[in-house]
Amino acid sequence: EEILCVAFPDWAYKAESSPGSRQIQLWHFILELLQKEEFRHVIAWQQGEYGEFVIKDPDEVARLWGRRKCKPQMNYDKLSRALRYYYNKRILHKTKGKRFTYKFNFSKLIIVNYPLWGVNYTPMIQMYELPRSL
DNA sequence: CACGGAAGCT
DNA sequence: AGCTTCCGTG
């Protein structure tokens, strides 16, 4: 049994208009939570389907996202609207019928958002698998 | 819950 | 552009 881990280099975070400060994107944040053991009870990869994840505690994910963005009024209604904007961008899609379950379009994601990935061979997203025991 | 239009913010 | 806020619809 294995778990998927994801790591981003610094330049993956888009620079905000003001130089110096960097604004994290929601899908980065989601992947960040997914890679950490401590949030496994809040959000986790769905076994079987590659790239599919379940938000086990929507209120908590919204609270964490709100804390990161300094938006204390954040809730799942608003967060899920942001996730829905990812459908047309081909970053995510919904797993129909499964509550709080979404799926990353990893292949499209890298091509669309990081076209240089294949050119300079600098890995945008480093994915690697570790034994669950670690 | 899940969807998507519309307007607002930075 | 990438959300945030609000809300009507199914």
Side-chain angles (χ1 to χ4, degrees):
Chain A
E1 208 175 2
E2 289 163 334
I3 54 172
L4 182 69
C5 291
V6 185
F8 294 101
D10 274 356
W11 55 267
Y13 297 86
K14 277 192 179 173
E16 220 184 353
S17 39
S18 55
S21 68
R22 285 158 182 274
Q23 193 70 316
I24 190 172
Q25 292 193 235
L26 178 55
W27 67 272
H28 289 166
F29 180 75
I30 295 287
L31 285 173
E32 216 174 82
L33 291 183
L34 282 166
Q35 86 177 300
K36 291 176 183 170
E37 177 79 47
E38 54 190 302
F39 297 111
R40 195 85 15 116
H41 64 289
V42 164
I43 187 170
W45 294 112
Q46 181 84 299
Q47 275 160 313
E49 283 285 341
Y50 181 75
E52 193 173 75
F53 64 94
V54 190
I55 298 174
K56 294 176 177 174
D57 188 342
D59 292 343
E60 182 62 4
V61 172
R63 196 191 64 78
L64 291 164
W65 176 235
R67 192 180 67 177
R68 177 67 74 89
K69 288 287 291 288
C70 301
K71 296 283 179 185
Q73 306 311 310
M74 183 52 59
N75 58 29
Y76 181 70
D77 179 51
K78 295 169 187 173
L79 184 145
S80 60
R81 182 68 189 94
L83 292 179
R84 269 175 256 130
Y85 272 123
Y86 285 150
Y87 299 170
N88 280 341
K89 292 184 175 181
R90 319 234 64 197
I91 290 173
L92 278 186
H93 64 80
K94 187 76 183 69
T95 303
K96 284 167 188 172
K98 289 185 184 174
R99 218 169 167 229
F100 307 123
T101 305
Y102 300 81
K103 188 172 175 176
F104 276 101
N105 295 321
F106 279 125
S107 51
K108 309 264 182 185
L109 189 61
I110 290 162
I111 292 162
V112 171
N113 288 276
Y114 307 99
L116 294 177
W117 188 66
V119 175
N120 60 16
Y121 292 93
T122 305
M124 166 57 223
I125 301 172
Q126 292 160 11
M127 279 182 255
Y128 49 95
E129 291 182 342
L130 291 174
R132 191 165 282 267
S133 54
L134 277 177

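Note that the coordinates shown come from a computational prediction; the quantities given were computed from them, not determined experimentally. Residue numbers start from 1 in every chain, and the chains themselves are labelled A, B, ... in the order their sequence lines are given, proteins ahead of strands.
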* Asked: Sequence neighbours excluded, which residues qualify as side-chain hydrogen bond (donor to acceptor under 3.5 Å, both in side chains) partners of A/Tyr76?
  -> A/Tyr102

* Separation of C/dA1 C1' from A/His28 NE2 (nearest whole Å) -> 14 Å

* **Distance, rounded to the nearest Å, where A/Arg68 contributes CZ and C/dG2 contributes C1'** => 16 Å

* **Atom-to-atom span, CZ of A/Arg99 to C1' of B/dC3 - whole angstrom** => 16 Å

* Asked: To the nearest Å, how far apart are A/Leu92 CG and B/dA2 P?
  -> 13 Å

* Structure fact -> Between NE2 of A/His93 and C1' of B/dA2 the distance, given in whole Å, is 16 Å

* To do: Would you confirm whether the ring centroid of A/Tyr50 sits within less than 6.0 angstrom of the ring centroid of A/Phe106?
  => yes

* At under 4.0 Å between heavy atoms, which parts of nucleotides 5-10 of chain C does protein reach? Answer with one letter per nucleotide, 5' to 3': B base, S sugar-phosphate only, - none. => BBB---

* To do: Identify the heavy atoms of A/Gln73 and A/Lys78 that sit nearest to each other, and give their distance.
  => O-NZ, 2.9 Å

* Asked: Taking side chain as C-beta onward, heavy atoms only, is A/Leu31 less than 4.5 Å from A/Phe53?
  -> no

* At under 4.0 Å between heavy atoms, what does A/Lys94 touch on the DNA or RNA strands: base, sugar-phosphate, or nothing? -> sugar-phosphate

* Asked: Under the 6.0 Å and 45° cation-pi test, does A/Arg81 pair with A/Tyr85?
  -> yes

* **Interatomic distance, A/Trp27 CH2 vs C/dA1 C1' [rounded to whole Å]** => 15 Å

* To do: Measure the distance from CG on A/Leu83 to C1' on B/dC3 and round it to the nearest whole Å.
  => 13 Å

* **Below 4.0 Å: OP1/OP2 of B/dT10 and any side-chain N or O of A/Gln23** => no

* Asked: Side chain of A/Lys71, backbone of A/Asn75: donor and acceptor closer than 3.5 Å?
  -> no

* Residues two or more places apart in sequence or in another chain: which of them pass salt bridge (Lys or Arg N to Asp or Glu O under 4.0 Å) with A/Lys36? -> none

* Asked: Would you say A/Lys98 reaches B/dA2's phosphate, i.e. side-chain N/O to OP1/OP2 under 4.0 Å?
  -> no

* Starting from P on B/dC1, measure out to CG on A/Asp57 and report it in whole angstrom. => 12 Å

* Quick one: is C/dT4 close enough that its OP1 or OP2 comes under 4.0 Å of any side-chain N or O from A/Trp65? -> yes

